[in-house]
Amino acid sequence: MMETEVRDQMMHRLIKVLGRTRVLSSRPDLVPYTKDTYRIRYDEDYKYFPDAVVFPETTADVKGIVEIAADLKVPTIPKGGGSNRTGMLVPLTGGIVVDTIRMNRIVEVSVPNLYVTVQPGITLKELEDELAKHGLALNQEQGSFKVATIGGSISTSGFSRKHQKYGTIADRVMSLEVVLANGKVMRTGPKILYTSTGYRLQQLFVGAEGTLGIITEATLRVEPIPEAKDAILAFYHDFWSANEAALRTMSSCVTFTGGEAYEVEDATSLGAPQGRNGLFYLGFEGTKGEVHAQVEFVKKIVHETGGVLAKHDDAAKFMEKYTSQWCGARALTGFEDALTTYVPVEHMREFFEKLWGEVMPKHGSAPLPGEKFSLDVGRYRIMAGRFYLPKGEGAWEKYQALLRDIAKLTTRLGGSISSCHGVGIEHKDNLDLEYSEVALDVMRDLKKAIDPDNIMNPGKMLPDKK
Amino acid sequence: MDAELVQMAEVAEACSRCRCGCCKDQCPMYSELLEESISPKGRNALIRSVLNGAVEPDERAVRIAYSCLLCRRDEQSCVAGLRNSDATEAFRRYLIEKGAKLLPEHAALAKSLDNYGNPWQESRAARKRWAKGLQDKKLVPGKTSTLFYVGCTFALDRTLDDGPKALASLMDKAGVDYGLLLEDEVCCGSTAKRIGDIKLFEKLRRENEKRIRGTGVENIVTACAGCFKTLEQDYPDLSEDISIMHSTQFISELIANDKLHFPKREVKVTYHDPCHLGRHSDVYDAPRRVLLSVPGLELVEMKSSRQTARCCGGGAGVKTAYPEVSQKAAAKRIREAEETGAEVLITTCPFCVQTLRGAASAVGSKLKVEELSVFLDNLSHERGGGHR
């Protein structure tokens, strides 16, 4: 808890820098900032109130806020759209939530150099809409497209459904401007894509969850909007037969934007024949000629693997609907969590068999209907699924033990615990399974060198040294 | 807790299980203020925290409760289909029943409703001011089956009273036998209900229902989208055996029955769906059918229309409590309308007309904002007939 005297001083100085209307401190205003979409410990629902929420609009505002925080040694928690799922926005020790949502300007669009420079609070959707006016696209499409911001996406190292052709946000970052814990403003390097000079400082802030500084500007690689787009949707008897098509596609030379193989409860509403609940879909973008050739190539794979192609309109409709969904109606399904584990594809069967056959039942959990198997097709091999949280006495402890066992299984198979939702609080104590103590020590040393007083989103991502 | 409050708690609880924020980018209030607390997700979090005792329902909580236009646009983006708007309306009521005071900006409206049966501090007699020359239309019980229920804003706002005049004229032209309550008409209670003053609403509802019942009518026609929603959805006894129609539905029927038609008019118009008529009542086609019955008329849809139509910013007490945000929301709607290249922006709710006209003037738009009945009636006058 922050001492009253410190809080009073902090509030006084924040209001001086930002004005009264850009500093919130009443409890009704702070409630939505007590947590992100992470399933917080049940008895700690209203435990973590920030002391203030501030709305910077410029780099100078952020610098002013961080200088106050550094001086008073109070935590800062940078926030974008607020859609994080691992608790990285929870103000564990109070402090200042720095809501970057009003830093939503496009600073520069460089058509000849194919980059855009933006403030961090612009959402992925807002940016795509604006870029389209210039004939450009960032191609970062994810479920939280309308909510997630550029700053949040970089800080989480987020996913894109078009990863295969365009990479993820990590591959898009060319240069960043960051306010460091001492209030200094750092530009990581020139706004260029390739260089062989110096450390790639911008990559240090990708997936850093705001623990090293607050991103105030990002320069991102963009691409011209392609001439043609198309999609294929095919139905199989189950996930594993759809997976055959996925594996064949992945081992071929065909280019596609991204896709998925998965199994639903009932695919008839998508136009599938009865009993064919395994789905395989791919997206394609490029020149008309190449898209046509790619589609024909994959149709052949579908034919050879026993798939039934959906009608072209049904595939297009499916893609449109699928890309507009995110939360999967968690409001209706109740207490559940999602896996974004990355597992080398040769271990997929073993992973899913052990996950649903051993790990989940051991902790009293089970998959949500139609959410048992999912594979992102391409190099980004998310093995996804959604599961109910354990219930009853000791539910929280069971949930933590379940997460630990999932992490053990994933890392034993050479994978990553969280491929796109970050670490936050949820996976922090399991990071030792994925990284050696030597690697974790390097991370801790880096954090200490840049943020010696631990004011940048403390308590997130890095596990305490044992 | 009664059913409305139980549903409010359920919405807040369901939202807390998800907290995705998909509602935010469609919320006109959040889009302007960009504060989590001023969003459907934020208000649901507040409701839950107040019910759980984690947050006191203080003055700020009350102000947040009134930061919603109840437009339901956000609900179109909610995968779970949560009725955030109903939850917020119920929360206002909950706060008042727990002893919270109405916002000072709303207290004046409530006092006027209590004293004069309208929110605009006008005498009861002023309600018949618009109806000069129509005194013979005073409804005689048992003689007329259709009541034209005018509503406070159309009757009392001098800049809008061409609306009821126009609808009366159209009904005359179509040979409709209708009657008016004139000074005996009482506010439907929409304002009281939306600001959560349920006692006041019930008082108005009882008074209104008694007067309407006393006339023995079988049909009610109203041009006000707010009155329509309220009479149809918040007067369960009345709507059980009396047909309640919005003027656009009524006119659409008259056209379909060949009782009304319009002269040719080559004009490009766009139509704004009032929230109370569109998302709240699912009436999207009738006004469009009416407009398209005008020969030569080109109807161009705005970027957001029907279920996803932007709110004008004038509803649910927000215009009074958050005037700047309301103006910005209205200005955005005007810009959308301008982008269509239309000469006239047509709508069917007095609040929308008022708010959008104000915004058009504030941003220097050349766009003409007109109420549908007025637009239609002027067509006949401009060309000197064309109706039956």
Side-chain angles (χ1 to χ4, degrees), chain A residues 21-22 24-40 45-47 49 53-55 57 79-85 89 97 99-104 121 123-126 129 143-149 321 324-336 389, chain B residues 10-27 30-65 67 74 76-84 91 95 100 303 324:
Chain A
T21 58
R22 288 200 281 149
L24 302 180
S25 61
S26 81
R27 278 175 78 88
D29 274 310
L30 299 182
V31 169
Y33 298 90
T34 55
K35 54 199 168 196
D36 45 34
T37 76
Y38 169 56
R39 189 69 62 209
I40 204 158
D45 221 3
Y46 296 108
K47 188 176 172 186
F49 272 80
V53 176
V54 294
F55 296 94
E57 289 170 9
K79 174 190 163 291
S83 55
N84 177 257
R85 290 193 67 152
L89 301 177
V97 169
D99 194 338
T100 59
I101 203 75
R102 293 187 193 173
M103 296 181 76
N104 55 6
T123 66
L124 296 175
K125 181 179 185 302
E126 286 166 347
D129 287 348
S144 53
F145 187 58
K146 292 188 294 185
V147 182
T149 61
K321 193 175 173 202
S324 70
Q325 284 185 350
W326 167 43
C327 57
R330 286 211 303 170
L332 299 178
T333 55
F335 292 99
E336 52 95 346
L389 298 193
Chain B
E10 282 172 359
V11 167
E13 202 55 42
C15 186
S16 90
R17 288 198 290 268
C18 185
R19 305 193 292 274
C20 64
C22 292
C23 51
K24 290 191 295 185
D25 86 319
Q26 296 297 306
C27 169
Y30 175 80
S31 303
E32 294 304 333
L33 292 171
L34 296 172
E35 293 171 18
E36 292 278 341
S37 51
I38 312 292
S39 73
K41 172 188 166 186
R43 274 186 299 272
N44 286 338
L46 177 63
I47 292 170
R48 185 170 179 266
S49 66
V50 168
L51 292 180
N52 290 345
V55 170
E56 284 296 314
D58 59 13
E59 273 181 41
R60 180 60 192 157
V62 173
R63 194 154 280 278
I64 291 171
S67 68
D74 56 293
Q76 313 304 308
S77 299
C78 178
V79 179
L82 298 182
R83 306 274 296 210
N84 300 320
F91 186 48
L95 290 171
K303 197 165 78 183
E324 282 178 24

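Reminder, nothing fancy here: chain letters follow the sequence lines and each chain counts from 1. Computed from heavy atoms alone, side chains included, the values below leave out hydrogens, waters and symmetry copies.
Only the backbone of B/Ser16 comes within less than 4.5 Å of a heavy atom in chain A; its side chain stays farther off. Proximity to chain A (any heavy atom under 4.5 Å) is shown, for B/Ile38, by neither the backbone nor the side chain. Only the backbone of B/Glu56 comes within contact range of chain A, judged by heavy atoms closer than 4.5 Å. Within the 4.5 angstrom heavy-atom criterion, no atom of A/Leu30 approaches chain B. If you measure heavy-atom distances from B/Leu33 to chain A, the contacts under 4.5 Å come from the backbone alone.
For chain A, the option among B/Cys15, B/Gly81, B/Ser37, B/Ala61 with the highest count of heavy-atom pairs below 4.5 Å is B/Ser37.
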message = Could you go through B/Glu36 and A/Lys79, starting from their C-alpha distance and side-chain angles, then the distance that decides it, and tell me whether this counts as side-chain contact (heavy atoms from CB on, under 4.5 Å)?
response = CA-CA 11 Å; B/Glu36 292 278 341; A/Lys79 174 190 163 291; 2.9 Å; yes
Salt bridge (Lys or Arg N to Asp or Glu O under 4.0 Å) between A/Glu336 and B/Arg17, worked out = CA-CA 9 Å; A/Glu336 52 95 346; B/Arg17 288 198 290 268; over 6 Å; no
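Judged as a side-chain contact (heavy atoms from CB on, under 4.5 Å), and not counting sequence neighbours, the contacts of A/Arg22 are A/Leu18, A/Phe55, A/Glu57, A/Asp61, A/Arg102.
In terms of heavy atoms, B/Leu34 sits closest to A/Ile101 at O-CG2, 3.3 Å. Closest approach of A/Pro32 to B/Gly42, counting heavy atoms only: CG-CA, 3.8 Å. Looking at every heavy atom in both residues, B/Leu46 comes nearest to A/Val31 through N-CG1, 4.3 Å. Summarising the geometry of B/Asp58 relative to A/Pro28, their closest heavy-atom pair is OD1-CG, 3.3 Å, with the distance given to 0.1 Å. Residue B/Arg19 comes nearest to A/Asp36 through the heavy atom pair NE-O, 2.6 Å, listed as atom of the first residue, atom of the second, then distance. Residues A/Ser26 and B/Arg60 share a closest heavy-atom pair of OG-CG, 3.2 Å.
Looking only at side-chain heavy atoms (C-beta outward), A/Phe145 and B/Asp25 stay at 4.5 Å or farther from each other. Contact of the B/Ile64 side chain with the A/Asp29 side chain is registered, since non-hydrogen atoms from C-beta on lie closer than 4.5 Å. Using a 4.5 Å heavy-atom threshold, the side chains of A/Asp45 and B/Arg48 count as touching.
One finds the NZ atom of A/Lys146 at 5.5 Å from the SG atom of B/Cys22 (value rounded to the nearest 0.5 Å).
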